[in-house]
Amino acid sequence: MDMIAVYAETDLSNVVEACLNFLHRVNITAQSLPLLLNRAHLLKKLLDTNKFGSLQPSLVEFAADFVKGLGKISHHTSRGRLIGEGKQQFVLATAFVIKYGTNDVRAKFGKHVIKSMGLFSAFINAIVSISEP
């Protein structure tokens with residue numbers, strides 16, 4: 001994001017697109033959750049600049065990648081993120097899944113969240129705590 005601020009007058013669309021494509025091609029493992037949450041934050045910042053259009057393809061890819069990453073981690077790990085540091089990024093990533101994910105991606109996300117009462121409760125509590133004024 002600093003580079004975008006420094007080169008405000010330069011068209012960085014190709015650089016941003018290349019970076020997002022690279023992040024999409026990174027192999028997703030059980031250790032990828034921090035990277036995925038940072039990617040959600042980056043996408044939000046890019047959307048907020050209004051300089052790069054809708055970023056629709058990258059957002060669709062992110063939704064699929066995030067759900068794929070959730071499938072590789074335990075419910076305990078997801079729950080830990082939702083009750084601790086990182087819950088805002090987790091909820092942001094979830095919002096991208098809901099808004100940009102395909103029906104199949106959203107269904108996989110729902111199955112992940114409802115498999116554990118603790119995870120589901122943490123998810124609901126995180127959304128409520130973030131949306132409170």
Let me see the working for Val60 and Val105 under side-chain contact (heavy atoms from CB on, under 4.5 Å), right down to the final yes or no. CA-CA 9 Å; Val60 170; Val105 166; over 6 Å; no
Working for side-chain contact (heavy atoms from CB on, under 4.5 Å), residues Leu37 and His41: CA-CA 6 Å; Leu37 295 177; His41 181 73; over 6 Å; no
Please determine whether side-chain contact (heavy atoms from CB on, under 4.5 Å) holds for the pair Val113 and Thr94, giving the CA-CA distance in whole Å, both sets of side-chain angles, and the decisive distance to 0.1 Å. CA-CA 11 Å; Val113 172; Thr94 298; over 6 Å; no
side-chain contact (heavy atoms from CB on, under 4.5 Å) assessment of Leu92 paired with Leu43: CA-CA 10 Å; Leu92 173 63; Leu43 285 164; over 6 Å; no
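The shortest distance between side-chain heavy atoms of Arg39 and Ser32 does not fall below 4.5 Å. Leu82 places none of its side-chain heavy atoms less than 4.5 Å from the side chain of Asn125. Between Leu70 and Leu36, the closest side-chain pair of non-hydrogen atoms is not below 4.5 Å. Here the side chains of His112 and His75 are in contact, with some heavy-atom distance below 4.5 Å. By the 4.5 Å heavy-atom criterion applied to side chains, Phe123 and Ile127 are counted as neighbours. Side-chain contact check for Val91 versus Gln88: every heavy-atom pair is 4.5 Å or farther apart. When side chains are defined from C-beta on, Asp104 counts as touching Lys108, because their heavy atoms get closer than 4.5 Å. Contact annotation: the side chain of Glu61 approaches that of Asn21 to within less than 4.5 Å [non-hydrogen atoms, C-beta and beyond].
A parallel orientation is assigned to the rings of Phe66 and Phe62, their planes being inclined by less than 30° (bins at 30° and 60°).
Of the possible polar contacts, none joining the Thr77 side chain to the Ile73 backbone as a donor-acceptor pair under 3.5 Å is found. Looking at Ser121, its side chain never comes within 3.5 Å of a backbone N or O of Gly118 through a donor-acceptor pair. Side-chain atoms of Arg106 come within 3.5 Å of backbone N or O of Gly101 as a donor-acceptor pair.
Side-chain polar atoms of Ser58 and His24 form no donor-acceptor pair below 3.5 angstrom. Using modelled atom types and a 3.5 Å distance limit, the side chains of Lys72 and Thr29 yield no donor-acceptor pair.
To the nearest 0.5 angstrom, Leu35 atom CG is 8.0 Å from Ile28 atom CD1. Taking CG of Leu119 as the reference point, atom OG of Ser74 lies at 9.5 Å (rounded to 0.5 Å).
In Glu85, the CD atom is not crowded: 12 or fewer heavy atoms of neighbouring residues, nucleotides or ligands sit closer than 6.0 Å. Within 6.0 Å of CZ on Arg79 lie no more than 12 heavy atoms contributed by other residues, nucleotides or ligands.
In terms of hydrophobic clustering, with Ile, Leu, Val, Met, Phe, Trp and Tyr side chains grouped at heavy-atom distances under 4.5 Å, Leu59 and Ile98 are assigned to different clusters. In the hydrophobic clustering of this structure, Ile114 does not group with Met117; members are Ile, Leu, Val, Met, Phe, Trp, Tyr whose side-chain heavy atoms approach within less than 4.5 Å, directly or through other members. Phe120 and Ile83 end up in different hydrophobic clusters when Ile, Leu, Val, Met, Phe, Trp and Tyr side chains are linked at under 4.5 Å.
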